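Step one of this worksheet: look at the structure below.
Below, read A as the first sequence line, B as the second, and so on, with proteins coming before strands; counting in each chain starts at 1. In this text the structure is predicted, and so the values were computed from the model without any measurement.
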Protein chains: 2
Amino acid sequence: MAFEEEQKIFNSFVKEKGLKQSKQRDDILLTFLKTEKHLTADELHSLVKKKNSSTGIATVYRTLKLLCECGLSSELRFGDRAVRYEHFYGHEHHDHLVCVKCGNFIEAVDPEIEKLQERLAKKVNFSLQGHKLLMYGVCSKCKK
Amino acid sequence: MAFEEEQKIFNSFVKEKGLKQSKQRDDILLTFLKTEKHLTADELHSLVKKKNSSTGIATVYRTLKLLCECGLSSELRFGDRAVRYEHFYGHEHHDHLVCVKCGNFIEAVDPEIEKLQERLAKKVNFSLQGHKLLMYGVCSKCKK
DNA sequence: GTTGAATTTGATAATCATTATCATAATTAA
DNA sequence: TTAATTATGATAATGATTATCAAATTCAAC
Ligand SMILES: [Mn+2]
Ligand SMILES: [Mn+2]
Ligand SMILES: [Zn+2]
Ligand SMILES: [Zn+2]
């Protein structure tokens, strides 16, 4: 595992905030980093429990919040109920094309779309900080 | 009030589905149409109760689902918890720039962005049906 | 208009994701 | 080691939405 960089970011952030390190947070961070998916808190909790079955779901929620705050993770909301978390640090920004039939999604980015969003924001005197673009439709597999 | 067109759409849809008309649904539809806002089910329920205080929240949820199905309304999810509903019929498609400071939003659309989304979808052999673009940042008022 | 089968309704319970609470355990600076 | 502070996990609480169900209503057929 070569997540020293991410771990350093997290530990520095925790210290900066006057918080303390813990075994649970380390486990949760490592499990999150090892799993290159868009997980819900519950799914991540299941994975973490394989290593340390006593870890509580509340701590997973608390840690995910910290991961988002320090820039290692980012929230994602598809149509379904639960929030999903994806890797943020060291990952290019991308948008998602979600298939309404199978639920799978494709990650993609169009630099021109990104630029035009800036232009659109300027037009209404809005300081753009970020965006979430979800495209819905049918993926190639589901088109039969 | 000149919502005959919308009411006709709704009543036809209800009949098509083998459902029945009701006073409550009529009230909810009219209140929704009169209020040109992005309401939550709860907010709409409050408005409807001013006319008919006995209307239940469950019926508001049920009716909003029908309104979305027949194309009169459309769901909207900002960062907050509750789903919001906006007018869909007779309204141009638009995206939203949400201010992270005051919570207000601007509606805007860029035809070029729309086109480029189609191009992006084609590139990955995806049949695009729709999209939700949320842009986050600071609005002109909050910039001081 | 009456009837009767089907749908609708509102109150309320249930669900689901998330957050709050709190007593106990772990961390850490001194 | 101490002692103050934070972290943890079990569990309760919350908030939005959905499910349940008995009673009310709609409406097509008589
Ligand atoms: Mn992604
Ligand atoms: Mn809008
Ligand atoms: Zn698919
Ligand atoms: Zn603002």
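Between A:N52 atom CG and C:dA25 atom C1' the separation is 14 Å, expressed in whole Å. Spacing between atom CD1 of A:I28 and atom C1' of D:dA7 amounts to 11 Å, rounded to whole angstrom units. In this structure, the NE2 atom of A:H45 is 14 Å from the P atom of C:dA17, given to the nearest Å. When the C1' atom of D:dA28 is taken as reference, atom NZ of B:K15 falls 10 Å away, rounded to whole Å. Rounded to whole Å, atom P of D:dA16 lies 15 Å from atom CG of B:L44. B:R62 has its CZ atom 6 Å from the P atom of C:dT9, to the nearest Å. B:L64 has its CG atom 16 Å from the P atom of C:dT8, to the nearest Å. The CG-C1' distance, from B:D26 to D:dT25, rounds to 13 Å in whole Å.
At a threshold of 4.0 Å, the pair B:E43-B:K37 does not count as salt-bridged, since none of the basic side-chain nitrogens sits closer than that to a carboxylate oxygen. Salt bridge annotation for A:E75-A:R77: present, with a cationic side-chain nitrogen under 4.0 angstrom from a carboxylate oxygen.
For B:K20, no side-chain nitrogen or oxygen approaches OP1 or OP2 of C:dT9 to under 4.0 Å. Not one side-chain nitrogen or oxygen of B:R81 sits closer than 4.0 Å to the OP1 or OP2 atom of C:dT19. Residue A:K65 has a polar side-chain atom (N or O) positioned under 4.0 Å from OP1 or OP2 of C:dT19. For the OP1/OP2 pair of D:dT8 and a distance below 4.0 Å, the side-chain nitrogens and oxygens of A:S22 include at least one atom meeting the criterion. Residue A:Q24 places at least one side-chain N or O closer than 4.0 Å to OP1 or OP2 of D:dT8. Checking the phosphate oxygens (OP1, OP2) of C:dT19, no side-chain nitrogen or oxygen of A:Y61 falls inside 4.0 Å.
Side-chain contact between A:H96 and A:E107: present, with at least one pair of heavy atoms (C-beta onward) separated by less than 4.5 Å.
Contact annotation for A:S54: backbone-only contact, meaning every heavy-atom pair under 4.0 Å involves sugar-phosphate atoms and none involves a base. Residue contacts for A:K17: at a heavy-atom cut-off of 4.0 Å it reaches no nucleic acid atom on any strand shown. B:R25 comes within 4.0 angstrom of the backbone, heavy atoms only, and of no base. Within 4.0 Å (heavy atoms only), A:T55 reaches sugar-phosphate atoms of the nucleic acid but no base atom.
Each of A:A41 and B:I57 was matched to the nucleotide of DNA chain C holding its nearest heavy atom; the match closer to the 5' end belongs to B:I57. Heavy-atom distances to DNA chain C give each of B:T63 and A:V83 a nearest nucleotide, and the one nearer the 5′ end belongs to B:T63. Comparing B:K23 and A:T59 by the nucleotide of DNA chain D whose heavy atom lies nearest to each, the residue mapping closer to the 5' end is A:T59.
The closest donor-acceptor contact from the side chain of A:S73 to the backbone of A:E86 lies under 3.5 Å. When atom types are taken as modelled, the side chain of B:H131 and the backbone of A:G137 share no donor-acceptor pair closer than 3.5 angstrom.
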Next item on the list: Run the numbers on A:F78 and A:F105 for ring-ring contact (aromatic ring centres under 6.0 Å, His included), then give the verdict.
Entry: CA-CA 10 Å; A:F78 292 171; A:F105 56 86; 5.3 Å; yes
